[in-house]
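Please read the structure below before turning to the comments.
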Amino acid sequence: MHGFPSLVEIAMSEEELSDQEQQRRVKLARLREAGVDPYPARVERTHTAAEAVSALEGRAEGEAVVVGVAGRLVSMRVMGKSSFAHIEDDSGRIQLYVRSDVLGEEAYELFKRDLDLGDFVQASGETFYTRTGEPSVRVDELRLLAKALQPLPVVKEKDGQVFDAFTDKEQRYRQRYVDLAVNPEVREIFKTRARIISAIRRFLDERGFLEVETPVLQPIYGGAAARPFVTYHNQLKQQLYLRISDELYLKRLIVGGFEKVYEIGRDFRNEGVSFKHNPEFTQIEFYKAYADYRDVMELAEQMVAYAAQEALGTTTITHEGQEIDLSPPWRRWKLRDAIRELTGIDYAEHEDAESLYQAIVRMGGTPEKKSTWGKLIDPTLINYVESKLIQPTFLYDYPLEVSPLAKKKPGEPDIVERFEFFIGGFELGNAFSEINDPLDQRERFLATSEALADGDEEAHPLDEDYVRALSYGMPPTGGFGMGIDRLTMLLTNTDSLREVILFPHLRSRE
RNA sequence: GGGCCGUUAGCUCAGUCAGGCAGAGCAGCUGCCUUUUAAGCAGCGGGUCGAAGGUUCGAAUCCUUCACGGCUCACCA
């Protein structure tokens with residue numbers, strides 16, 4: 001008419017689109033021409049899928065329950081004048097039974113021809129059980145809520161076997177929305193993650209800890225051995241760093257008089273990416289005044305067990321095929337003993353770096369030649385120990401040199417009151433009795449800032465204001481840090497941080 | 001950064017060893033089908049074989065380079 005191309009003809013002329021995309025645009029155009037709004041603003045939903053199912057379960061036979069449900073079309077089986085379909089919402093799936101004679105012929109034809117898997121729809125009608133006993137909605141009204149123009153991967157399942165799953169890791173991470181849309185078990189991982197975090201909050205809140213927020217943008221970084229991301233504030237003409245840990249600010253708060261503080265937040269480290277490293281990750285840190293690293297051990301094992309119990313309903317978990325018992329108390333193993341037992345090297349017998357280096361080489365290791373004594377122990381030696389620590393284990397009493405913020409152990413000048421803990425063969429966290437002697441802290445900073453100047457890019461710079469804070473007096477304090485992503489990985493039985501981070505970092509594509 | 005492996009239809013994957021018309025299932029389209037559930041039956045479309053270059057009469061296949069990813073080593077207390 002009038003020689004103008006119809007919407008359908010325009011849709012079909014989009015040549016750069018795949019045939020399935022073109023089909024969907026044709027359907028969209030046809031729907032519009034039939035007077036259907038493919039993206040209406042209003043929804044009339046009375047039940048979620050799960051609610052509709054349980055409402056039916058509660059009723060006597062023959063008693064009608066009318067529901068309005070809404071969700072994404074995830075399956076369609078068209079059999080002439082009747083069809084079965086499933087819609088999925090956040091609560092689960094429910095089957096729709098669509099009959100031409102109930103819905104009306106015109107609406108039924110539109111459903112059959114112009115709706116696709118992936119579209120969002122609203123359906124209302126009475127619930128009933130089909131011949132095979134599946135709760136379903138006999139649809140007397142069906143309305144499109146949102147037309148999908150891209151086909152979703154079609155994942156099918158029978159007898160627990162999954163067909164054509166959407167599994168390509170790169171695509172799953174780059175298009176996480178597709179991953180989440182078609183893989184319900186992926187959604188479950190992130191629900192578990194949220195339960196873990198809320199359990200940790202509850203655990204600390206119940207014990208009188210105050211949740212605080214400290215700067216992410218910092219004029220000087222510290223609290224961990226890592227290279228920072230650098231950024232710049234235009235107005236202030238000032239270089240800033242994205243924090244590598246929360247530590248030094250949280251301890252300033254202990255100086256200020258708070259006795260128990262914690263922060264759950266994002267840290268950023270400019271280093272390699274691996275199954276247990278992502279450039280940005282979530283860490284929980286807490287600090288407790290009038291406590292030492294032994295008190296912190298008890299809190300740590302209780303907190304992790306509590307998080308597992310709350311998130312999973314059990315403290316016995318399976319990770320990578322190994323059964324792990326998270327219930328306290330956990331094994332406490334002196335670092336020196338653990339290394340001696342698992343590698344045969346007693347580092348206390350090797351007083352200088354050269355001697356220790358030779359011992360590691362004799363054991364078959366390949367340490368870095370230029371490493372200092374402390375750097376040979378951690379990480380080189382711990383690498384041999386870490387993977388063997390499947391059941392929860394505290395390794396404690398670390399060499400002073402690699403622990404510039406931890407308090408010296410009384411009577412052992414080269415050892416500090418520090419522990420790291422390991423579960424499932426990797427490190428989850430790190431803690432110590434905090435240095436509260438400002439002069440000692442200053443000396444330690446001087447040593448690390450020299451190392452930084454000598455080219456150790458992960459060493460601490462000197463934070464004068466932090467030393468000044470300590471000089472106003474800080475009570476004896478126990479501090480703790482743990483990777484939330486790694487804990488989630490452990491509790492969801494996944495083998496990579498990327499599985500528990502919604503949008504993990506990937507290299508940009510051209 | 002090193003080593004190994006991968007990238008083929010919307011999705012999952014054959015085909016690469018040994019060069020010879022680019023395939024299957026699901027999804028899509030057309031037709032049939034009013035209790036199905038990986039629905040079924042019949043038919044039909046759908047491809048920059050990651051990119052570029054090279055070898056060859058002929059390249060998804062062999063060679064080179066590049067991009068992206070996976071695993072792994074190094075790095076990451």
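Throughout, a chain's letter reflects where its sequence line sits, starting with A, and its residues are numbered from 1.
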Those residues at least two apart in sequence (or on a different chain) that pass side chain to side chain contact (heavy atoms under 4.5 Å, CB included) with A:Glu88 are A:Val74, A:Arg93, A:Arg187
C1'-based separation of B:C57 from B:G19 [nearest Å]: 12 Å
Sequence neighbours excluded, the answer for side chain to side chain contact (heavy atoms under 4.5 Å, CB included) partners of A:Ser387 is none
Who passes side chain to side chain contact (heavy atoms under 4.5 Å, CB included) against A:Phe120, sequence neighbours left out? A:Arg72, A:Leu145, A:Ala146
Nearest to the side chain of A:Phe128, which nucleotide is it out of B:C75, B:U35, B:U12? B:U35
Base, sugar-phosphate, or nothing: which does A:Glu420 touch, judged by heavy atoms less than 4.0 Å apart? sugar-phosphate
Specify the residues of residues 399-409 of chain A, ordered by number, for which at least one heavy atom lies under 4.0 angstrom from an atom of RNA chain B. A:Val402
Heavy-atom nearest nucleotide on RNA chain B for A:Glu247 versus A:Phe166: which residue maps closer to 5'? A:Phe166
Using a heavy-atom distance cut-off of less than 4.0 Å, which residues of residues 98-110 of chain A contact RNA chain B? A:Arg99, A:Asp101
Please give me every residue in residues 422-430 of chain A whose heavy atoms get under 4.0 Å of an atom in RNA chain B, ordered by residue number. A:Asn430
Could you please name the partner base of B:A22, counting Watson-Crick and G-U wobble pairs only when both distances are under 3.5 Å? none
side-chain hydrogen bond (donor to acceptor under 3.5 Å, both in side chains) filter on A:Arg24, not counting sequence neighbours, yields none
Remember a base hit wins even if backbone is also touched, and classify A:Val78 as base, sugar-phosphate or nothing at under 4.0 Å, heavy atoms. base
Contacts of A:Asp485 meeting side-chain hydrogen bond (donor to acceptor under 3.5 Å, both in side chains) (sequence neighbours excluded), chain-then-number -> A:Arg193
Separation of the C1' atoms in B:G47 and B:G31, to the nearest angstrom: 27 Å
Please state the P separation for the pair B:G25 and B:C41 - nearest whole angstrom. 11 Å
Salt bridge (charged side-chain N to carboxylate O under 4.0 Å, His left out) partners of A:Arg77, counting only residues at least two apart: none
Using the side-chain hydrogen bond (donor to acceptor under 3.5 Å, both in side chains) criterion, which residues pair with A:Arg444? Sequence neighbours excluded. A:Asp440
Counting primed atoms, P, OP1 and OP2 as sugar-phosphate and everything else as base, the B/S/- map of nucleotides 24-31 of chain B against protein heavy atoms under 4.0 Å is -BSBSS--
May I ask you to decide whether A:Lys27 forms a salt bridge with A:Asp114, counting only side-chain N to carboxylate O separations under 4.0 Å? no
Please tabulate, for side-chain N and O atoms in residues 394-406 of chain A, each donor-acceptor pair with protein atoms closer than 3.5 Å (sequence neighbours left out).
| residue | atom | partner | partner atom | Å |
| --- | --- | --- | --- | --- |
| A:Asp397 | OD1 | A:Tyr293 | OH | 2.6 |
| A:Asp397 | OD2 | A:Lys409 | NZ | 2.6 |
| A:Tyr398 | OH | A:Glu420 | OE1 | 2.8 |
| A:Glu401 | OE1 | A:Gly374 | N | 2.9 |
| A:Glu401 | OE2 | A:Thr372 | OG1 | 2.5 |
| A:Ser403 | OG | A:Pro399 | O | 3.1 |
| A:Ser403 | OG | A:Arg418 | NH1 | 2.7 |

